Amino acid sequence: MSEEIVEASPEQVMAVIEQMPDLPWPEGEEWLEWEIDGLEGQTSYLMHVLPLAATTDAAALAAYTSRLTWLADKRWVARFRFDATLFTDDADTDPASYDRRSAPASLVRSLDADNAAWWPRGENAVMLVVSAEAAETKKAAVLVLPSQWLKGPPPTAYATTSPLVADFLSGDKDRVIPALWAVMKTRDPEVLTPLAHSLRAIERATANVELGGMLASNGSHLAHALDRVALFDKRVCLCTAYPSHQFYDPDKEEAQQHVRILDRVPNERQWVPDRICECRDCGRKYQVEQGEYHYTWWKWTEVATDRDR
Ligand SMILES: [Zn+2]
């Protein structure tokens with residue numbers, strides 16, 4: 001790579017990644033060189049590697065990889081994080097106790113990264129490795145490898161890696177209530193993916209918990225939080241949850257970068273003007289009325305946009 005960051009756009013890189021699972025595998029220990037749509041990479045016995053960058057321009061790389069992450073989330077939805085610090089077996093390790101995750105982990109560490117995001121894609125995993133903050137020359141690469149190399153916990157074990165799953169499964173009111181509000185606030189795939197995989201177990205664990213609630217029942221908040229997880233699992237944009245709950249404050253949603261407030265229009269019924277919000281993920285637009293009835297509430301109504309025609 002002569003340039004510090006590949007000249008291909010993140011969109012073009014996505015198109016290359018889509019083709020990488022079809023690349024041939026080498027015999028034995030050799031590396032195969034390949035080129036797809038002008039991008040060059042290599043394949044070992046373990047994985048196809050597409051180098052993206054080796055640069056001192058941290059801001060440019062961050063912009064590039066965040067766009068790529070956004071595209072990958074759109075395409076594959078479920079995102080996991082691989083912790084490369086956990087798997088450090090090497091040639092000296094007794095083969096009987098060797099954890100095969102050590103092989104990809106060592107490649108992640110060789111790019112000065114401690115961890116990496118990855119997306120399941122059929123039998124394969126697509127992993128985006130980006131050097132940690134401290135690295136002077138930051139590198140980035142996409143790895144495509146059979147996901148068996150990353151196979152970690154079975155679904156029942158998500159509680160050990162996701163604090164929110166553990167909170168829900170506890171069935172303890174004082175843990176379930178903060179957990180459901182955390183779900184209400186987030187669109188982060190790394191938070192939502194383990195929840196989606198554990199949804200049935202969570203529904204069972206919380207079915208008979210007495211959650212109480214003063215003005216609006218916490219049971220209905222819980223049902224809504226789990227609906228959000230189900231929407232995420234069905235790849236439906238989470239803005240579609242707004243109309244069915246009263247506590248989505250548009251200012252907070254904008255602060256979280258979920259929506260943009262485009263406009264304010266007077267509402268003769270209310271002291272506060274309605275806000276016109278646009279979802280930053282899918283472009284849906286909503287008119288949001290704010291009112292008071294014991295507590296502040298918001299009513300989100302979708303307004304027709306070009307994307308509906
Ligand atoms: Zn949306």
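Please read all numbers here as calculations on a predicted model, not as lab measurements. Read the numbers this way: they start at 1 and go in the same order the structure lists the ligands and their atoms.
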Between [Y] and [X], is the closest basic N to carboxylate O distance under 4.0 Å?
| X | Y | result |
| --- | --- | --- |
| R264 | D274 | no |
| E289 | K299 | no |
| D251 | R275 | yes |

Would you say the side chain of R284 lies within less than 4.5 Å of the side chain of T240, judging by non-hydrogen atoms?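 Yes, close enough: below the 4.5 Å cut-off.
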Identify the heavy atoms of D281 and C237 that sit nearest to each other, and give their distance. CB-SG, 3.9 Å
Listed protein N/O/S atoms, distance to the Zn ion (ligand 1) under 2.8 Å: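 As for protein N, O or S atoms lying under 2.8 Å from the Zn ion (ligand 1), they are C237 SG, C239 SG, C279 SG, C282 SG.
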ring-ring contact (aromatic ring centres under 6.0 Å, His included) evaluation trace for Y248 with W298: CA-CA 6 Å; Y248 286 113; W298 293 269; 9.3 Å; no
